[in-house]
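See structure below.
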Amino acid sequence: DAKFIIDTAGNVGIGTTAPSKLFHVYRNNALTDDQFRISQAGTGDATMEFELPGAQGWYVGIDNSDTNQLKIGTTEGFGSGVALTIATDGTFTGSATNDISDARLKENITEIDSALDKILKLRGVSFTWKPEAKLNNRTQLGVIAQEIEPYFPELVLNNSISGPEY
C-alpha cells in the first residue's frame, strides 16, 4: 500500500498510486476526517499561496499577529492587502463587504433623490435562515433583497447559493 509516490508525469500522490492531479491526497478511512494541515511553530504566518503567471498572487491563512482570524489577501504577511478577514465566531470584514462608512475614505459622494421616501417603503423584518443557507440559526434583523431592489438596485447582488435569484 503506497504512502507516497511521484509518477512519471511529476504528479505527487499521498495514499494513492495513481495521482490524478499535480498534488493528490487520498485516504480510504470512514472513521476520520481527511485533513490538510499547515502549521507554524515560529513567528511567521501559516499560509498557502495561489498564483498564476502574470496575475496577482493570493494568500490564505492565519496571521500570526491575529491568531483567531482567517485572512485572505494579496500580500505575503497580510499587510495592507487583506481582502477578507473571518473571525472564529463567523463574523467577517473585508474590502468587498463595504463595512467602512468613514467619510474620509470616500469620494464622488452624491445625494440620493428622495432617499427617505424610498427607505420608508421598505419593510424591516426579523427572521431565521433556512437550513440550506448554512448560516447561524439565531434570529436576525434585516430587510428582504427582493423588496430593496426596486428602490436601490445597486445594493442587491443576484448571486444566490440557491440559484440565480438573489
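Side-chain contact between V60 and F50: present, with at least one pair of heavy atoms (C-beta onward) separated by less than 4.5 Å.
Between the side chain of Q140 and the backbone N or O of R138 there is at least one donor-acceptor pair closer than 3.5 Å.
In plain terms, the two heavy atoms of K71 and V82 that are nearest each other are CD-CG2, 4.2 Å. Between G61 and L70, the shortest heavy-atom contact is O-CD1, 3.3 Å. Scanning all heavy atoms of the two residues, the minimum distance from P19 to V12 falls at CB-O, 3.6 Å. Nearest heavy-atom pair, T16 versus I5, reported as atom, atom and distance to 0.1 Å: O-CG2, 3.2 Å. The shortest non-hydrogen separation linking R123 to I144 is NH2-CG1, 4.0 Å. The two residues W58 and A83 make their nearest non-hydrogen contact at CZ3-CB, 3.8 Å.
We find the OG1-OH distance between T74 and Y59 to be 9.0 Å, quoted to the nearest 0.5 Å. Atom-to-atom distance recorded for L122:CG and Y151:OH is 7.0 Å, nearest 0.5 angstrom.
Under a cutoff of 6.0 Å and an axis angle of 45°, K118 and F152 form a cation-pi pair.
Cluster membership for L141 and I148, using ILVMFWY side-chain heavy atoms within less than 4.5 angstrom, is not shared. L22 and M48 sit in two unconnected hydrophobic clusters of ILVMFWY residues. Membership requires side-chain heavy atoms under 4.5 Å apart, directly or through other members. In this structure, I112 is a member of the same hydrophobic cluster as V143, with clusters built from ILVMFWY side-chain heavy atoms closer than 4.5 Å.
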